[in-house]
Amino acid sequence: MLKKKGVSNDFNFALVNRYKDGKDYIGYHRDSDNDLVPQSPIAMVSLGATRDFLFKHYSRQQRKKGDDTKFDDDAITEVKIEVVSGSLLVINHPTNVFWYHSLPKRLKIIVFLHEKIIFNQNFFKKRYTNSVVFKCILVFYKYLQFFQKF
Ligand SMILES: O=C(O)CCC(=O)C(=O)O
Ligand SMILES: [Fe+2]
């Protein structure tokens, strides 16, 4: 699927992050060089509610931390990308070296997402115990649904 989208690398690790509502977020960071094969891309698939994904240049982040001696370039603004369900976002080298990324809170969608989650739980509770195996099947099913799109 990734190859069809022009990403030729073989990936050997997958991380699933679940943001249960608009209050869940991940702050600005760069993915650790220690965990990654040098110069390899990072591919991200989104499922569920639309969220913002932000990039902030290294120089701005350093200034925020109080280090304004080396950097005085205000020209590089923050970049916002809306990631919708089923979208693929690829961070190619060297973006992770020069840019921080984050997924901020999105408080506008709390009510919408809350309803959606409660509906799923109620529906499944009737017929299944809330077992880990069932949750795994659900995640697997969602991935299958996603792959069929491509
Ligand atoms: O979940 C996301 O969209 C970003 C997660 C992330 O940046 C990370 O896990 O390092
Ligand atoms: Fe990250």
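The model shown is predicted, which means the values in this text are computed figures rather than measured ones. Order of appearance sets the numbers: ligands from 1, and atoms from 1 within every ligand.
Once rounded to the nearest 0.5 Å, the distance linking OH of Tyr28 with CZ of Phe55 reads 9.0 Å. In this structure, the separation between CD1 on Ile81 and CE on Met44 is 9.0 Å, given to the nearest 0.5 Å. One distance of note links CD1 of Ile91 with CG of Asp31; it measures 6.5 Å at 0.5 Å rounding.
His29 NE2, 3.7 Å is the protein heavy atom nearest to atom 8 (C) of ligand 1. Closest to atom 9 (O) of ligand 1 among all protein heavy atoms lies Asn17 ND2, 3.0 Å. At the top of the distance list for atom 1 (O) of ligand 1, counting protein heavy atoms only, stands Tyr19 OH, 2.5 Å.
Remark: ligand 1 atoms within the under-4.0 Å shell around heavy atoms of Leu103 are 3 (O). Listed by number with element, the atoms of ligand 1 under 4.0 angstrom from any heavy atom of His101 are 7 (O). Within the listing of ligand 1, atoms 3 (O), 4 (C) sit less than 4.0 angstrom from a heavy atom of Phe53. For ligand 1, the atoms sitting less than 4.0 Å from at least one non-hydrogen atom of Asp31 are 10 (O), numbered in the order shown with element in parentheses.
What you find for Leu88 and Ala43 is that their closest heavy atoms are CD1-CB, 4.2 Å. The two residues Asn96 and His101 come nearest to each other via the heavy atoms OD1-CE1, 3.7 Å.
Ring-plane geometry between Phe98 and His57 is classed as parallel, the angle between the planes falling under 30 degrees on a 0 to 90 degree scale with a further cut at 60.
Put simply, no part of Arg51 is less than 4.0 Å from ligand 1, judged by heavy atoms.
When side chains are defined from C-beta on, Trp99 does not count as touching Glu78, because their heavy atoms never get closer than 4.5 Å.
The angle His29:NE2 - the Fe ion (ligand 2) - His101:NE2 amounts to 90°, with values rounded to 10 degrees.
For Tyr100 and His29, the gap between ring centers reaches or exceeds 6.0 Å.
Under 4.0 Å from ligand 1, the heavy atoms of Leu15 that appear belong solely to its side chain.
The N, O or S atom of Asp31 with the smallest distance to the Fe ion (ligand 2) is OD1.
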